[in-house]
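Contents: one structure, followed by commentary.
Numbering of residues begins at 1 and proceeds along the displayed sequence. All of these numbers come straight from a predicted model, not from anything done at the bench. Each ligand, and each atom within it, is numbered from 1 in the order the structure gives.
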Amino acid sequence: MRTTDNDNRVYNFSAGPSMLPVSVLKEVQKDLTNYKGSGQSVMEMSHRSGEFEEILKDAEENLRKLLLIPDNYKVLFLQGGATLQFSMVPINLLRNSKKADYVVTGSWAEKAAKEGEKFGDIKIAASSLDRTYTYIPKLKKSDFRKNADYVHITYNNTIYGTCYKKTPDTGNIPLVADMSSSILSEEIRIKDFGLIYAGAQKNVGPAGVTIVIIREDLIGNAPSDCPVYLDYKIHEKNGSMYNTPPCFSIYVAGEVFKHILNNGGIKAMEKRNRKKAEKLYRVIEGSKLYSCPIDKEDRSMMNVVFVTGDEDLDRKFVKEAKEKGLINLGGHRSIGGMRASIYNGMPDEGVDALIDFMKSFEKKNKKQ
Ligand SMILES: *Cc1c(COP(=O)(O)O)cnc(C)c1O
């Protein structure tokens with residue numbers, strides 16, 4: 001089995017949970033049983049302890065530095081994954097007209113819109129279902145209802161492998177973006193958004209913590225019968241400590257933030273990610289066996305989807321890759337084919353190993 005280093009590690013191309021930088025894992029390992037002389041691990045320590053308060057404070061500060069988050073935005077560390085945000089967003093943001101417009105570009109966007117329908121008047125402003133979500137619809141301001149309380153998009157479509165290259169212009173309507181599979185992978189302008197949310201397990205850290213970046217004026221609009229945990233105001237007022245936060249996940253995410261800051265920040269990360277993705281798409285383009293069904297201009301840097309056109313051969317690819325230590329290359333169960341998720345934590349060497357494997361597989365399985 002091919003491994004990434006002397007720890008017998010595989011290259012994991014899973015859509016999530018996904019790889020973390022080995023140096024971060026080692027740092028966590030070093031402090032695991034005795035965090036910085038506290039005599040206990042972060043898993044065991046009180047979330048009200050000075051040590052943990054510092055972990056949380058540093059994590060927020062470093063995330064703010066990385067994404068240049070303006071002061072009028074709050075950062076919340078919540079639980080429940082992106083899925084709970086599908087509910088919290090409409091509950092908190094349907095505050096005036098009770099109307100919201102969704103752009104449906106894949107299964108996650110569908111799920112978000114469907115959840116919204118429980119709480120208000122939801123319109124599908126645009127969809128790319130007509131071509132099985134292989135592109136991002138072109139959007140203009142007039143596609144959205146003028147009095148909509150917000151517009152919701154899924155910034156990177158993890159399953160289909162598409163991504164916005166330009167943030168849609170919604171005028172004064174707050175734009176809400178699910179960035180679960182792209183946060184920290186490229187530079188973004190926070191002030192183009194009213195709210196950004198992301199589950200951690202793709203680009204940030206272990207599952208269990210969900211990041212919400214929300215503009216101040218969108219907080220405090222939940223109805224009075226809103227369950228307490230679902231009200232952004234409660235979390236904001238209590239600095240993400242209304243109840244016990246996912247301490248260990250926040251701690252590891254914080255280590256990842258430090259790691260990115262120490263390695264050139266988001267700009268350098270984006271450059272690396274772009275190179276990794278371009279390399280892979282170039283091999284697909286230059287091949288007679290593989291093809292990518294996604295419109296060129298909308299291809300994701302994070303989730304690279306490709307097929308051979310023969311389902312049996314796709315299955316053989318995934319199986320043989322796994323034997324070489326390149327795991328989880330199967331496409332989502334809803335679309336099949338292959339998908340290489342190459343998030344921040346995927347080293348260049350992992351992409352190179354995949355490319356080597358793709359080339360040798362193509363040689364052995366020439367199209368007749
Ligand atoms: C993975 C994913 C989700 C679901 O995230 P959970 O944290 O499991 O709820 C939602 N949206 C996108 C874009 C995703 O990639």
May I ask you to decide if Ile159's main-chain N or O and Asn157's side chain share a donor-acceptor pair within less than 3.5 Å? no
Side chain to side chain donor-acceptor pair (under 3.5 Å) contacts in which one or both residues fall within residues 62-72, not counting sequence neighbours: Glu60-Arg64
Determine whether the aromatic ring centres of His152 and Tyr102 lie less than 6.0 Å apart. yes
Can you list every protein residue that has a heavy atom under 4.0 Å from any atom of ligand 1, sorted by chain and residue number? Gly81, Ala82, Thr83, Phe86, Trp108, Thr154, Asn156, Thr158, Asp178, Ser180, Ser181, Gln201, Lys202
Can you give the donor-acceptor pairs under 3.5 Å from side chains of residues 13-23 to other protein atoms, not counting sequence neighbours?
unit_1 : atom_1 : unit_2 : atom_2 : d
Ser14  : OG     : Gly16  : N      : 3.0
Ser14  : OG     : Pro17  : O      : 3.2
Ser18  : OG     : Gln201 : O      : 3.2
Ser18  : OG     : Lys202 : O      : 2.6
Ser23  : OG     : His259 : ND1    : 3.3

Taking only residues two or more places apart in sequence, or in another chain, which ones meet Val212 in a side chain to side chain contact (heavy atoms under 4.5 Å, CB included)? Leu76, Leu78, Gln85, Leu195, Tyr197, Ile214, Tyr232
Donor-acceptor contact present, side-chain Glu362 to main-chain Lys288, <3.5 Å: yes
